[in-house]
Amino acid sequence: MSPLKIPFSLGDDDKREKISLAQLAKFRGATVDDLITQMIGHWLERSNYNNLGDIKSLLAALEIPLELIKPYDTRLTGAMKRRHLIVHRADRNEMTGSGHHPTVTISKPLVDTWT
């Protein structure tokens, strides 16, 4: 027997997601704010931003003025490029030979600017 599902509607449109009472019961005692925070957290854990354009698209969709991040464009781009190097190339230094480390060096002041 399939679980009973009830319509979950905000009343402002005809689209309704159906959830079971058992699914809904997992959230007993939580506030709406708690649920929103949890849903955003789960969504962000699965989201991926590979470049500044991805971030700007998200902010635009959220109706957040892009001017707010304009002063950070260069730093964000640098941090994202470095992340890409770390994730996809294990931070390997393509320069070989005497005086070159196997991984790309990074300075504390640079990391501090990204933070």
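- A distance of 11.0 Å separates NE2 in His42 from OG1 in Thr37, rounded to the nearest 0.5 Å.
- Leu68 and Ile64 get closest at one heavy-atom pair: CD1-CG2, 3.8 Å.
- In this structure the side chain of Ile106 reaches within 4.5 angstrom of the side chain of Trp114, judged on heavy atoms.
- Looking at heavy atoms from C-beta onward, Asn93 lies out of side-chain contact with Thr103 at the 4.5 angstrom threshold.
- Linking ILVMFWY residues whenever their side-chain heavy atoms come closer than 4.5 Å, directly or via other members, places Met39 and Val32 in the same cluster.
- Rounded to the nearest 0.5 angstrom, Leu76 CG and Lys56 NZ are separated by 9.0 Å.
- Between Val111 and Thr115 there is a side-chain heavy-atom pair separated by less than 4.5 Å.
- How far CD1 of Ile40 is from CG of Leu35: 11.0 Å, rounded to the nearest 0.5 Å.
- Looking only at side-chain heavy atoms (C-beta outward), Lys81 and Leu85 stay at 4.5 Å or farther from each other.
- Note: Leu59 CG to Glu67 CD = 10.5 Å, rounded to the nearest 0.5 Å.
- Nearest heavy-atom pair, Arg82 versus Val104, reported as atom, atom and distance to 0.1 Å: NH2-O, 2.8 Å.
- Nearest approach of Asn48 to Asp54, heavy atoms of both residues: O-OD2, 4.4 Å.
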Requested in this report: In sequence, state the C-alpha distance, the side-chain angles, and the governing distance for Ser47 and Tyr49, and then conclude on side-chain hydrogen bond (donor to acceptor under 3.5 Å, both in side chains).
Outcome: CA-CA 7 Å; Ser47 61; Tyr49 308 98; 3.3 Å; yes
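- Using a cutoff of 4.0 Å between basic side-chain nitrogens and carboxylate oxygens, Arg75 and Asp112 are not scored as salt-bridged.
- Annotation for Ala60 and Leu66: closest pair N-CD2, 4.2 Å, computed over non-hydrogen atoms.
- Pairing each heavy atom of Asn51 with each of Gly53, the nearest pair is OD1-N, 3.0 Å.
- Across all non-hydrogen atoms, the minimal contact from Leu52 to Met80 is N-SD, 3.9 Å.
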